[in-house]
Every structure is written in C-alpha cells, then in structure tokens.
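Have a look at the structure below, then the notes.
FYI, the numbering just counts along the sequence from 1. Remember, predicted model here, so these are calculated numbers, not experimental data.
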Amino acid sequence: MTEPRELTDQDFEPAALDALDGTTHVFLTGRAGTGKSTLINHWIRTRDRGGRTLTCAPTGIAALNAGGVTIHQLIHAGPDVTPERAAAEGRRRAGDPLYRILDTLVIDEVSILRADLADSLDRFLKGARRSRQPFGGIRLIMVGDLAQLPPVVTKEDGERFDGGEWDGPWFFQSHAVQTILDDNRLQGVELTRAHRQTDRAVLDALDDMRDGHPAPGTLAMLNRRAGAPWNPLDTTVICARNDTVNQINRMMLQRLPGPHATRRASVAGDWPQRLEPAPYRLDTRPGMRVMLTSNDADGRWANGTMGTLTDMDPQGWWATVRPDTDDTEEYTVKPHSWTRTRPTTWEDPETGEERIILEETGRYTQLPIRPGWAFSIHKSQGQSVGRLRVDLGSRLFSPGQAYVALSRARDYNHLSLSRPLTAADVFADPDALAFLEKIRHATPVTQDTLF
C-alpha cells in the first residue's frame, strides 16, 4: 500500500494560509467537504513550533474528532456555566502558566457554539490573563459552516436568546465576538473547492441551497430522485428523527440471519457517560451496515467510512469490514482507544522554554464501529455517503437540515428521497446570513477565498 503523502503549503490556497498566518481573528468556513479540518491540521503542524496553539470545540465528540479539549474543560466549568461564574474562575486561575503562554485558540465546529458559552470563554480568559481585551488578547481561529445546523437551545434556555441577554444563540451574537466585529478585527475565509462530492449536479444543488432560497430548477432536479428505488441492505438512511433512526437500525440487525456477537466498551479514568465515539454495547451480525469511527493509522479507512461487517470474533477482539470504497478487500478492525485530555504546560529542562501539551485523563476502548443503516441528520455531519436515502419525514423543522442531509451525498444517481422536497423544507437562519454578509464587507477580497 502506498503511504499517504504529507501535505505541503502548495496543496492549499495561498490566500487562506496568508489569513491564518496573520494577526487578526479568523472565521474559516466553507461547505461540507472543502477541507477546513485538513487545512487547520496542516497549519497547526507546520506553524505551531512553540506549542502555543490549542484546539477546542463545544462538544465532547467534536473535541475528540479535532484532537483537542472541550471549551468547558478549558475554562474548568460545568454545563451550567455563566459568564459571571467563568469570570470568577478565570481570576482564580490567573497564576496558571497555561493561559499565560496560550497564543492562538482554534475553535472547531464553531457553528454549534452558543453565544452564552462564547461569552463565558471570553470572561474566563480575561480573568486568567488579567486582560480587558476580548478573549484576554488570545487570537481566535473559528472553524465552521453556518449553513449547517444551529446551536442547540432547550426550551428552558430559549428566553435568554429571545429578547433576553443575547440577540440569538449563535457565537457571533455573543458580546465578545460582536466587539471584535465592531473593531474590524475578524477576517473571513471561505474554502470553495469541494473534495468530498464529485458529482457536479450535487455540488450545484448544494451551492443553490446554502442561502435557503433554492431555485425552482434545483428543487425539480432533486425531486427527480423522490421515490427512487433503493436497497435497504446497502443504502444509508438519514432521518430527521432519532426514534426513526433507532427503529431502522434495530429492525435491520434483527433481520440478519447470522450469529450474534456483542462487545462492551472499556472505560478508564475521567470519561463522561454520554460521550460514546462508538456504542458502549456494540451488537453485531455478519452483513450489517457499519460506519467506522476512527482514522486508520495505515490510511485504509477514515472516520465516517461506510462499509459492511463480514465477520467478528465472538469475544469482540476483531471484526472484518469491507468498505464501500473497495469491493473486494476486507480489513481487520481491532479495538481503538480514544483519549480524553486536559491541557497543561511542560518546561524544557535544558532551555526553560514552556509549551502546551495534552495530558490524558480518560480512555474509552471499543471497536470503532457503529450501525450504519440509519443516522440522524445531526449525527450525519461530516460523513460522505455513496448510496443515500433521505427520510424527510412530514416536515423539516430546523435551519440547515435539508442542506446537511443532502450534502452527505456523493452521487446524484444513488440518491433517493422519501418525498419531494419543497421550498418550505429548505431554509437558512437569517441571522447567520446577515453575519456572513457583514464580514464580507468588513474585510478586503483577495483571490476567491477571502470575504
């Protein structure tokens, strides 16, 4: 097998690298599959020689995928954190060298970062760094796609974002991000070259859906796939409702005739109960559709690769999977360990130079497999599917749902819709559109990647 080539600066848009190399805060965006994570990982690997950059994310799974920590971990907060509590905790941590040497903070999946948590991060860093500057003077690189699903707001929290302390739940509606916007210190970068989808029809439809106002021709083209034939044995179903997902996965597993095997995950150290990169109890049968949930060290599969499980050790020490991308070769998949970390500092005993390192605090070990017949729209983000059935239900109820579901498709000819898509199904959040328009006017255009 050919070893994957290490990427260089020549593999990326010069304008995008120039923005990341700059001194202003950056919002890096682009539709699904344009390589946002690949660019950020390359930039950190080649630029962060002094170990002063840290990656974080709003949720546990996003943090695991990004190789970083959650924002709550970073600011030593529980789920009920408020900006006021975060400020007090920041002042208490003012002597911690971690926050003194931290230079750049990458926030992955920033589209799901709520305004109140963004302001809590701001207030904590101000206290920890004894600074009045936004985010304590730390440079932010925020990565995400606002055309995807918005931050989750519970009914209990709804009044805080509806004429309350914040104008809305998005990160850019936080007081701290508004400050850097008003000071013209936020630069937008949009990646436009798709790597996940190769079907031009799918790409054009997605581009037309991003602003929530698809042309009649786009809907007509997509609706030619309404009711298209599909095979439940080799097709992934994406659904609007979690109960539909669970029902499909249980039903399909029960229909398989082969022997049943179960493996339970092992957990060590500090690991939140709900954080499951693979199911704690993994029930399998030969022939089941699966999604792989890790990146293989030899590059044979990636997180999100779809395939078919062909065999599994009864004790759960290995499974064989045939990825959809390879019709003949089967790969042996062994248990994978995900680690939860906390940031700390390390001092070079020879030079005295300090750098940020990640210290393991918990470990979750399981076969990196989850049932792959059906996923919710929310949990499908980041996947790429060759054969896709989209169950639209009776209606779509959240901005970006239609866009996220359809952007999983690689091939228009292997797409099936449960019903015709209507204009009412495809809508974007007006606040997100207004924010994008604002930063387009706030920063100069250089090539086609900068707003």
Side-chain angles (χ1 to χ4, degrees), residues 25-27 53-63 66 68-96 98-100 102-144 146 150-183 185-186 270 272 274-275 340-344 356 361 431 435:
H25 304 285
V26 173
F27 172 56
T53 298
L54 183 62
T55 298
C56 64
T59 68
I61 288 293
V69 301
T70 66
I71 293 174
H72 287 88
Q73 286 177 278
L74 179 63
I75 65 175
H76 302 273
D80 58 347
V81 64
T82 64
E84 292 73 25
R85 292 175 188 165
E89 183 64 24
R91 290 191 295 269
R92 198 173 74 82
R93 304 261 177 185
D96 192 328
L98 170 68
Y99 306 105
R100 172 173 49 80
L102 178 59
D103 177 75
T104 301
L105 186 63
V106 175
I107 305 179
D108 200 26
E109 298 289 0
V110 74
S111 60
I112 58 175
L113 171 60
R114 275 186 9 181
D116 54 340
L117 184 55
D119 276 336
S120 295
L121 174 64
D122 166 67
R123 296 285 299 277
F124 175 90
L125 292 175
K126 283 176 176 174
R129 289 169 63 89
R130 300 188 178 99
S131 170
R132 294 184 178 180
Q133 296 184 61
F135 299 98
I138 291 172
R139 182 178 181 235
L140 301 187
I141 297 177
M142 299 173 281
V143 186
L146 300 187
V152 175
V153 178
T154 63
K155 291 182 179 180
E156 293 77 12
D157 292 339
E159 61 184 25
R160 305 174 69 189
F161 306 103
D162 186 12
E165 187 174 349
W166 293 274
D167 292 334
W170 295 94
F171 73 94
F172 54 80
Q173 292 169 314
S174 67
H175 304 304
V177 175
Q178 283 295 319
T179 298
I180 62 177
L181 273 170
D182 293 342
D183 292 343
R185 294 175 57 198
L186 179 62
D270 175 26
R274 294 186 179 182
L275 182 58
R340 195 163 187 255
T341 59
R342 69 177 182 91
T344 187
I356 297 172
T361 60
D431 290 335
F435 166 72

| note | Applying side chain to side chain donor-acceptor pair (under 3.5 Å) to Arg100 and not counting sequence neighbours gives Glu354
| query | Which pairs pass side-chain hydrogen bond (donor to acceptor under 3.5 Å, both in side chains) with one or both residues in residues 170-182, sequence neighbours excluded? | reply | Trp170-Asp429, Gln173-Asp431
| salt bridge (charged side-chain N to carboxylate O under 4.0 Å, His left out) partners of Arg123, counting only residues at least two apart | none
| said: Could you work out, with salt bridge (charged side-chain N to carboxylate O under 4.0 Å, His left out) as the rule, every residue matching Arg129, not counting sequence neighbours? | reply: none
| task | Working to the nearest 0.5 Å, report the span between OG1 of Thr59 and CG of Leu113. | result | 10.5 Å
| Side-chain donor/acceptor of His25 to backbone N/O of Arg185, under 3.5 Å | no
| task | With side chain to side chain contact (heavy atoms under 4.5 Å, CB included) as the test, would you mind laying out the steps for Arg340 and Gln73 before giving the verdict? | result | CA-CA 10 Å; Arg340 195 163 187 255; Gln73 286 177 278; 3.6 Å; yes
| request: Could you pull out all residues at least two apart from Phe435 that satisfy ring-ring contact (aromatic ring centres under 6.0 Å, His included)? | output: Phe27, Phe171, Phe172
| request: Could you tell me whether Asp270 and Arg342 have a side-chain N and a carboxylate O separated by less than 4.0 Å? | output: no
| request: May I ask you to decide whether Arg85 forms a salt bridge with Glu89, counting only side-chain N to carboxylate O separations under 4.0 Å? | output: no
| said: side chain to side chain contact (heavy atoms under 4.5 Å, CB included) for Asp157 and Arg114? Distances and angles first, verdict last. | reply: CA-CA 11 Å; Asp157 292 339; Arg114 275 186 9 181; 3.2 Å; yes
Side-chain donor-acceptor distances from residues 103-111 under 3.5 Å, at least two apart:
none

